[in-house]
Amino acid sequence: MDGKKHKMISQGSVATLLVGLIVVLGILACALSPIFVLKTVNIQGNRFVQDEDIIRIAGIRLGENLFQLQTDEIKRSLTKDLRIEQAVVQRSFPSQLDISISERIPLAMIKCDYGYLELGKGGIVLDAHRTLRDMPVPMISGAGVADLFVGDVVDDEQVGKVLSFLDAVGENTVKSLSEINITNPEDVMLYAGSVQIRLGALDRLESKIEVTKSVISELQQTKHPIAYVDARFDVYSVRLRQ
């Protein structure tokens with residue numbers, strides 16, 4: 001009886017080993033198969049960080065085996081870049097890698113001691129540039145910073161107020177602004193192209209945020225040339241060009 005039981009156990013163990021071996025061989029075959037070679041990287045969600053930069057930051061190369069790509073490690077590499085807030089990385093068989101990212105949106109540029117800094121929410125420095133390049137965000141004029149680099153945070157109170165204001169008015173409004181002058185903190189000036197929006201001090205922000213959004217919307221529709229908008233008081237006024 002014991003002999004039969006031992007024989008049955010031995011046969012069961014052999015069968016288990018064979019199944020395991022087949023699974024391992026199958027995995028190895030897939031890992032080494034030219035079918036599962038990375039041929040396409042599909043990137044979504046990026047507007048400011050270029051595709052080639054994302055691929056470089058991720059550390060991936062076309063021709064790598066899809067099974068050997070460590071998606072968690074790729075995600076960690078991407079989110080180490082301050083411009084990228086979140087990343088989702090997934091294999092798409094047989095030969096594609098899908099990367100979906102959420103960017104930290106730049107709100108303004110400001111002059112520094114070696115060029116210009118790109119600032120995001122909370123005053124974090126997202127990027128640095130030697131020269132001023134075309135960016136769909138306004139320049140903060142009338143102020144500058146020094147000894148700051150990517151990853152640092154601007155602790156200037158007035159600059160912080162400006163960034164909070166720009167974050168609150170929303171991306172569509174921000175990209176219509178060209179400059180925000182804070183030379184006089186009690187007389188802050190916004191510029192949408194050649195049109196000046198006089199904000200005064202950055203107080204009563206809820207009202208001034210709504211005024212700014214309304215004015216930008218009107219500017220996109222009106223046929224009358226506007227000289228400036230005075231939003232310093234409860235009711236704003238518009239001055240047309242002569």
Side-chain angles (χ1 to χ4, degrees), residues 47-48 82-83 85 103-113 115-129 131-148 152-242:
R47 287 171 293 168
F48 300 100
L82 291 171
R83 297 171 295 176
E85 189 168 16
E103 295 174 310
R104 287 188 173 92
I105 304 300
L107 295 172
M109 303 285 286
I110 192 169
K111 187 170 178 54
C112 67
D113 45 347
Y116 302 89
L117 300 179
E118 188 178 310
L119 303 181
K121 185 176 180 180
I124 189 169
V125 178
L126 300 179
D127 209 347
H129 309 282
T131 58
L132 185 61
R133 67 177 187 177
D134 184 27
M135 283 288 294
V137 292
M139 169 68 71
I140 298 175
S141 60
V145 295
D147 300 323
L148 291 179
D152 292 338
V153 175
V154 177
D155 60 2
D156 182 278
E157 181 180 0
Q158 191 66 9
V159 172
K161 287 183 179 181
V162 169
L163 294 173
S164 295
F165 173 82
L166 293 174
D167 182 47
V169 298
E171 187 180 348
N172 288 335
T173 299
V174 166
K175 67 184 182 182
S176 297
L177 302 173
S178 54
E179 180 186 350
I180 179 164
N181 188 292
I182 58 173
T183 301
N184 182 354
E186 300 301 315
D187 193 20
V188 175
M189 303 286 186
L190 274 180
Y191 292 89
S194 61
V195 177
Q196 185 187 76
I197 304 173
R198 301 175 179 178
L199 291 181
L202 289 178
D203 55 9
R204 298 184 297 108
L205 282 184
E206 185 174 343
S207 171
K208 292 179 180 179
I209 287 165
E210 292 307 313
V211 168
T212 302
K213 292 165 70 174
S214 177
V215 168
I216 295 300
S217 179
E218 288 182 26
L219 286 175
Q220 294 169 348
Q221 301 175 34
T222 186
K223 296 180 180 179
H224 303 289
I226 296 175
Y228 68 84
V229 176
D230 195 337
R232 293 175 295 176
F233 310 104
D234 292 335
V235 178
Y236 74 92
S237 59
V238 177
R239 178 70 177 266
L240 299 178
R241 294 187 186 277
Q242 300 299 321

When you measure from the side chain of [X] to the backbone N and O of [Y], does any donor-acceptor pair fall under 3.5 Å?
X	Y	result
R104	L82	yes
R204	R232	yes
T212	K208	yes
Q158	I182	no
K111	M139	no

Rounded to the nearest 0.5 Å, how far does [atom2] of [Y] lie from [atom1] of [X]?
X	Y	atom1	atom2	answer
L148	I110	CG	CD1	9.0 Å
K161	I180	NZ	CD1	12.0 Å
L202	S164	CG	OG	9.5 Å
K121	L107	NZ	CG	9.0 Å
L119	I124	CG	CD1	10.0 Å

Would a 4.5 Å heavy-atom cut-off, applied to side chains only, mark [X] and [Y] as touching?
X	Y	answer
L199	F165	yes
M109	V137	yes
L190	V229	no
L166	P138	yes
M189	R198	yes
L177	I216	yes
I209	V169	yes

How close do [X] and [Y] get, heavy atom to heavy atom, and via which atoms?
X	Y	value
A231	I197	CB-CG2, 4.5 Å
D147	D113	N-OD2, 3.3 Å
S178	G193	OG-N, 3.3 Å
G142	T183	CA-OG1, 3.3 Å
N181	S141	ND2-OG, 3.1 Å
I140	L163	CD1-CD2, 4.4 Å

- Message: Check this for me: does any side-chain nitrogen of one of D230 and R239 sit under 4.0 Å from a carboxylate oxygen of the other?
- Response: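 No.
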- Between E171 and R47, is the closest basic N to carboxylate O distance under 4.0 Å?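 Answer for the salt bridge query: yes.
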- Task: Starting from the C-alpha separation in whole Å, work towards a yes-or-no answer on side chain to side chain contact (heavy atoms under 4.5 Å, CB included) for V153 and V125.
- Result: CA-CA 6 Å; V153 175; V125 178; over 6 Å; no
